[in-house]
Each structure stands twice: as structure tokens, then as C-alpha cells.
Protein chains: 2
Amino acid sequence: MKTNRKNKVIIVDDHLLFSQSLKFLINSFSDFEVTHNFGNGKEFIQFLQEEENLDIEVDLILLDVNMPILDGLSTMVWLKENRPDYKVIALSVNNEEDIIIQMIKNGAKGYLLKDTTPQIFYDALKTVIEKGYFFTEMVSGILVNRIDNEDKKLEFKEKELDFIKRACSEKTYKEIADEMCLSPKTIDGYRESIFAKLEIKTRIGLVLYAIKNKIVCV
Amino acid sequence: MKTNRKNKVIIVDDHLLFSQSLKFLINSFSDFEVTHNFGNGKEFIQFLQEEENLDIEVDLILLDVNMPILDGLSTMVWLKENRPDYKVIALSVNNEEDIIIQMIKNGAKGYLLKDTTPQIFYDALKTVIEKGYFFTEMVSGILVNRIDNEDKKLEFKEKELDFIKRACSEKTYKEIADEMCLSPKTIDGYRESIFAKLEIKTRIGLVLYAIKNKIVCV
DNA sequence: ATGAAAAAGGGGAAAATTCCCCTTGCTATA
DNA sequence: TATAGCAAGGGGAATTTTCCCCTTTTTCAT
């Protein structure tokens, strides 16, 4: 009996076509089976919270990063708090450093891109079950790189962030100052210190930075 | 024999995990089978061009829109020119109007989002084979909407686009003028006419528009 | 309690942006 | 062939942005 037990996998991904297909792929592995599919983090958490599912068997969770309603990161945060033993592999299409770091910080045991081959994917499942973690070279590289740059990271205060967001509009600094109930000169001070930090020279540069770093969304 | 013949499907998608999984799903349909997988448009076209593949059986192509090397739209353009009889269903994660319109203009018989259910997906395959096309309400809505707004659409000339791209940087207009070998005054003319068209008042507005409409990428 | 940052604000000026109105030369077309 | 349209370019001025150096007030850790 024991030797024949399959590892129970839960998929959380809003792309139904993907998750339903992935289920076939995983079920084709002799030692894994998909037991549940959820379309976003909220559905998944609600399921976990139901009385009758409190001691459900879960060997592995495949968690998509980009989802509506409740995304991968928020779900990961909840899991870290409430189900710290669950093993999670994060799935994503893009390798955005910050997200990868955040997911791992919150306990993800692996991070796979969706262009992974089925072979590597299988290795990842297997390795996470057996060793507890699986990281590709890409992810390891990012982790190492992050340690180097840890101190160099830029932080903004609330007011600065507020200013940056407002600067990403057609408003003049004077209008922004009025909105924030500050003197235009104070705003000019914010601007100048932010320009220095970011090594930029124009408001255009600020807008580009803000969008690139998702301080504002387009 | 004839009654047992399965429709031959080719998948072109760079997300290996997705395409390999999708293969399982499609093969689970009694009347479809996946014969080939390609990771981008170039691989696919090269395959089609090989001598021995000239009269290969292809009943349906599932073409991802976002791919590296050669994307879905470029591949569609090639197919329209060289294999106009092939039936293509475009696959994408996002419902960007412009891309949908372009794909359909170039002969796509269907446009599906990746969060489609397997049931609808199967219907789509079946319907495209039988009726020649399949469009969800979402796509139909966009098509109808597009007919309304056909005339309202904004067009830019090459030089204007070039200017807009350069304006999305920390360069001054004078520097842009130099780069484009035009007088600063001419650039100012471009700027003013574009501002009027877009109903904006500042260069910030232009940058936001350009990013939103993917004239430049972040 | 006090000295050192940090936040808020200011003067003044150069540079860049925005705006309006104008000239010239080319070309498409009725 | 006349003319309307458009691309290229210019004059000039009001605003806005950017920069540098300065003062006052608040906060905060020792």
C-alpha cells in the first residue's frame, strides 16, 4: 500500500486551460496525482478553511503567481501563517526578481517558469518531495545577486511614494503641492532628493522608473 | 478507417509546460491528436518549409500570441501569405483588442484566452473544424465595438512614432531633434500636433499614453 | 536636556517645455 | 494649372522644470 501511494498535488492557477492540462501531465507521472484545482488564492484558502478539509492530505501545492482576486504572493503569505508545513512550488511566466524573492521569503520551496520542460518539471516535483526544495540556476543566480545588492536597495517614505504617484500625471508640481497640502518648495525638495537617489535628471525619468518598478500601474 | 481519423493538431507555444500539458488534454479528446509542438513561430515555419513536410496533414494550429523570436502575429502574417488554408486558433492570456483584431484580420479562425474551460476549448476545436470559425462573446463584442470606433482610431506616421519613442526618455527635445536630424522647431511641431490629437498637455501625458498603448515598452 | 538629523520651506536663475501665430516649399489632385 | 494641404521650420513669450544654496522647525536618540 505505502509503496503505491501517490503524492497528492493541488494546483492553484487562474488559467483553466493550463491547470486542467497540467493535471493530465502530472497524472501521467506514476507517483503523483492531482486532487484539486482552484482558480485563485481565495478559492483555495476557503477550501482549506472548511471544517472537513482541516486534515486533508496535501503533499505539494503548485501556486501560480499572477492571479485575479487573491494572487500568489498573498496566498503564500497566508500559507506561511496558517499552513507553514505545506510545500509550495511557485509557477510564473516571468522572472521578476522581487516577486521571486518575496515568494521564497514566504516559504516557497521552488520557483518554476512556465516554459520549463516537463522533464525538469518532474524533477522539481520529485526533488521538493524528497529534499524539501528545488531551485533552478536562474533562481539561484537571482538569490546570489540579491545578497550582493541587499544594501543598495532603494527605499521611499510614504510621502515620497505619494509624490511619485502624483508626479506620474499631467499635474504641475504646484498642483501636486496643493493636493498634498505642502509648499511647492517642499515638493521641489522631495523631487530633488528623489532625483538624486535614482540618478535621474527629469520628471520623465521618474515616470519611467515608477512604471518599471510598479510604483504606479499603467 | 475514415470515421476513425483524428484531427491533427499542431501547438506553437513557448511555454513548454503549457504546451506539453495541453497535448495531454487534446489527446484525451477522442477526435483530436497533437502531432507536433513548436516553441516559437520561427521553429514552426522552418518545419513547414522543409521539403518533406510540404504536404503534411494539418487540421488545426493552436498559435500562442506572445512568443519570443517570432511572435504569434508575425507567424500569422506568414501563414496568411504562404498557407492560407490552414486553420488557426490564436491563444493568449490577455484580451488586448488590437492584437485580437490583427490576428483575425490575418486569418485566425478563433481567439481563445488561456483561462478558457476545457469544455469551451473542446467546443472551439470542434466548431472550427466543422464550421470554420469560433468566436467567444468576448471577441465578438470587441469586433462589434471596433466597427463603431473604426474612424475614431488614432494613427501616427513613422516619424511621429519615432519621436514619441524618443520622447519617452530623459533626452531634451533639442537632443531628440539632433538625433532625428530635424530642427528643434520641427520637433516642436510634431509635439504640438500629437498633443492636440491625444488631448494632452504635457510630455508626461505623452509618456503615459505611449506606455499604455505599447508604443514603447517599459 | 541637547545636539544632530530630518522635514519643511525659500530665493533666484538657467534650462526646458508649452503655446500661438507665421513663412516657405513641395506635391497631390480637381 | 490653380490651389489646398502638409511637412519643415521660425519668432517670441509664458510656464514649468531643474538646480544650487540657504533658513526655520520638528524629531529623536543619547
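Residue numbers begin at 1 in each chain, while the letters A, B, ... track the order of the sequences.
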What integer distance in Å separates [X]:[atom1] from [N]:[atom2]?
X: B:F195; N: D:dT16; atom1: CZ; atom2: P; value: 14 Å
X: A:I194; N: D:dT18; atom1: CD1; atom2: C1'; value: 14 Å
X: A:K159; N: D:dT27; atom1: NZ; atom2: P; value: 11 Å

Completion exercise
Of D:dA8, D:dC19, D:dT17, the nucleotide closest to the side chain of B:Y190 is D:dA8
Return the [atom1] to [atom2] distance between [X] and [Y], rounded to the nearest 0.5 Å.
X: A:I187; Y: A:M180; atom1: CD1; atom2: CE; result: 4.5 Å
X: A:N66; Y: A:E96; atom1: CG; atom2: CD; result: 7.0 Å
X: A:N106; Y: A:L79; atom1: CG; atom2: CG; result: 9.5 Å

Fill in the blank from the handout: Counted 5' to 3', the first and last nucleotides of DNA chain C within 4.0 Å (strictly under) of a heavy-atom of chain B are C:dA16 to C:dC20
Fill in the blank from the handout: In numerical order, the residues of residues 167-188 of chain A whose heavy atoms come under 4.0 Å of DNA chain D are A:T172, A:Y173, A:K185, A:D188
Problem - A:E57: partners by side-chain contact (heavy atoms from CB on, under 4.5 Å), with sequence neighbours left out - result: A:R5, A:K8
Handout entry: Smallest separation among heavy atoms of A:I89 and A:A124, with atom names
Key = CD1-O, 4.1 Å
Handout entry: Derivation of the side-chain contact (heavy atoms from CB on, under 4.5 Å) call for A:L125 and A:N7
Key = CA-CA 9 Å; A:L125 299 193; A:N7 290 297; over 6 Å; no
Practice task
Between A:I204 and B:K157, name the one whose nearest nucleotide on DNA chain D is closer to the 5' end.
Solution key: B:K157
Handout entry: Salt bridge A:D188-A:R191, side-chain N to carboxylate O under 4.0 Å
Key = yes
Handout entry: Steps toward side-chain contact (heavy atoms from CB on, under 4.5 Å) verdict (A:T116, B:L16)
Key = CA-CA 6 Å; A:T116 306; B:L16 268 175; over 6 Å; no
